[in-house]
Amino acid sequence: MQSFKYHLILASGSPRRKELLEGLDIPFEVRVIPGVKEIYPSDLSAVDVPEYIAVEKAAAYRKIMEGQDLVLTADTVVICDGTVLGKPKNEEEARMMLHRLSGKKHLVVTGVCLTTQSRQRHYSVTTEVSFKALTDEEITYYIAQYHPYDKAGAYGIQEWIGYIGCTGLKGSYYNVMGLPVQSIYEELLKFQDE
């Protein structure tokens with residue numbers, strides 16, 4: 001996009017999200033407010049969790065927005081058997097999550113929220129991912145080499161485990177990495193035209 005009328009702000013410290021957004025060739029800055037809570041009501045449906053959190057994150061930025069700022073917030077979760085798998089706290093949790101995903105299909109859902117001073121749009125993108133049955137040795141190797149503690153579901157599709165473990169994918173690959181850039185591009189075009 002040659003000239004985007006908004007000052008786009010990526011409200012995320014994720015290097016993957018930054019790399020993906022850079023691929024759209026729209027200038028942006030990264031701005032992270034520390035300590036924004038990623039909590040949600042316990043009765044919320046698993047597929048609604050990331051969108052809820054993305055909207056909650058956006059609320060924290062409203063106070064510091066100026067003029068033509070457009071803030072992009074996002075949250076990604078892995079859902080297996082109806083349960084949200086967040087970021088593992090330690091090796092034991094990472095191992096448990098990868099065993100849970102082994103030999104199954106699961107969903108990766110990213111909630112996206114785009115906010116200006118006068119407007120807000122939010123939505124979710126879902127991708128279905130299939131994994132082969134992973135061996136204990138493969139899981140141990142992956143955790144030791146890649147330390148997936150900052151990744152929902154304890155894995156990065158773009159890493160070794162994705163190369164050897166992913167047997168199928170329905171939907172956006174980039175969504176599984178953490179940012180559905182194709183849909184974000186379309187939504188940014190709508191903001192530009194309005």
Side-chain angles (χ1 to χ4, degrees), residues 1 4-24 26-80 82-89 106-129 150-154 156-157 171-194:
M1 196 179 304
F4 188 58
K5 68 182 181 183
Y6 289 97
H7 173 231
L8 183 59
I9 297 167
L10 174 62
S12 172
S14 164
R16 288 167 299 285
R17 287 198 178 121
K18 181 177 182 283
E19 176 189 346
L20 290 168
L21 194 58
E22 283 171 344
L24 294 183
I26 299 171
F28 69 95
E29 75 164 291
V30 173
R31 195 181 297 169
V32 179
I33 297 176
V36 177
K37 302 276 188 248
E38 295 187 11
I39 54 175
Y40 54 90
S42 59
D43 61 345
L44 197 62
S45 166
V47 295
D48 294 329
V49 166
E51 188 172 341
Y52 179 91
I53 292 174
V55 171
E56 289 294 300
K57 286 179 181 177
Y61 286 81
R62 279 201 182 268
K63 299 172 233 154
I64 61 165
M65 290 178 68
E66 300 174 353
Q68 290 297 103
D69 286 352
L70 191 162
V71 175
L72 165 59
T73 53
D75 189 69
T76 303
V77 298
V78 170
I79 302 171
C80 186
T83 301
V84 172
L85 303 181
K87 297 171 184 170
K89 294 181 184 75
H106 62 273
L107 301 178
V108 178
V109 184
T110 301
V112 175
C113 187
L114 297 164
T115 306
T116 67
Q117 287 185 322
S118 60
R119 286 185 289 161
Q120 186 174 74
R121 277 207 190 96
H122 50 87
Y123 62 94
S124 293
V125 174
T126 301
T127 305
E128 183 185 87
V129 181
D150 64 336
K151 297 174 177 70
I157 193 78
S172 167
Y173 171 80
Y174 298 110
N175 183 50
V176 183
M177 282 181 69
L179 204 60
V181 283
Q182 191 279 326
S183 72
I184 288 170
Y185 179 75
E186 295 301 325
E187 291 297 325
L188 291 175
L189 287 179
K190 290 177 192 171
F191 269 86
Q192 181 83 337
D193 294 340
E194 290 173 356

Taking side chain to side chain contact (heavy atoms under 4.5 Å, CB included) as the definition, give me every residue that meets it alongside [X], ordered by chain and number, with sequence neighbours left out.
{"X": "P41", "result": "D43, L44, Y52"}
{"X": "S45", "result": "V47, D48"}
{"X": "V181", "result": "L20, L24, Y174, L179"}

Checklist entry - T115 and Y61: side chain to side chain contact (heavy atoms under 4.5 Å, CB included), yes or no, with the steps? => result CA-CA 9 Å; T115 306; Y61 286 81; over 6 Å; no
If I compare all heavy atoms of [X] with all of [Y], which pair ends up nearest, and what's the gap?
{"X": "A54", "Y": "G111", "result": "CB-O, 3.6 Å"}
{"X": "P180", "Y": "V112", "result": "CG-CG2, 3.8 Å"}
{"X": "R121", "Y": "K190", "result": "NH1-CB, 3.6 Å"}
{"X": "H7", "Y": "E29", "result": "CE1-OE2, 2.7 Å"}
{"X": "E51", "Y": "S124", "result": "OE1-OG, 2.9 Å"}
{"X": "G178", "Y": "T76", "result": "O-OG1, 3.4 Å"}

Is there a donor-acceptor pair under 3.5 Å between the side chain of [X] and the backbone N or O of [Y]?
{"X": "E128", "Y": "G171", "value": "no"}
{"X": "Q192", "Y": "K5", "value": "yes"}
{"X": "N175", "Y": "V108", "value": "yes"}
{"X": "T116", "Y": "L70", "value": "no"}
{"X": "T110", "Y": "V125", "value": "no"}

Do the side chains of [Y] and [X] get nearer than 4.5 Å, heavy atoms only?
{"X": "K18", "Y": "S12", "value": "no"}
{"X": "L188", "Y": "L8", "value": "yes"}
{"X": "V30", "Y": "R17", "value": "no"}
{"X": "E187", "Y": "L72", "value": "no"}
{"X": "R31", "Y": "I64", "value": "yes"}
{"X": "Y123", "Y": "I184", "value": "yes"}

Would you give the length of the straight line joining atom [atom1] of [X] to atom [atom2] of [Y], rounded to the nearest 0.5 angstrom?
{"X": "K151", "Y": "R16", "atom1": "NZ", "atom2": "CZ", "answer": "4.5 Å"}
{"X": "I9", "Y": "D69", "atom1": "CD1", "atom2": "CG", "answer": "3.5 Å"}
{"X": "Q117", "Y": "R62", "atom1": "CD", "atom2": "CZ", "answer": "9.0 Å"}

Checklist entry - Could you go step by step and tell me if E38 and E56 meet the side chain to side chain contact (heavy atoms under 4.5 Å, CB included) rule? => result CA-CA 8 Å; E38 295 187 11; E56 289 294 300; over 6 Å; no
Checklist entry - Between V77 and I53, does a side chain to side chain contact (heavy atoms under 4.5 Å, CB included) hold up when you go through it step by step? => result CA-CA 10 Å; V77 298; I53 292 174; 5.6 Å; no
Item to check | Stepwise side chain to side chain contact (heavy atoms under 4.5 Å, CB included) check, F4 with L189 | outcome: CA-CA 9 Å; F4 188 58; L189 287 179; over 6 Å; no
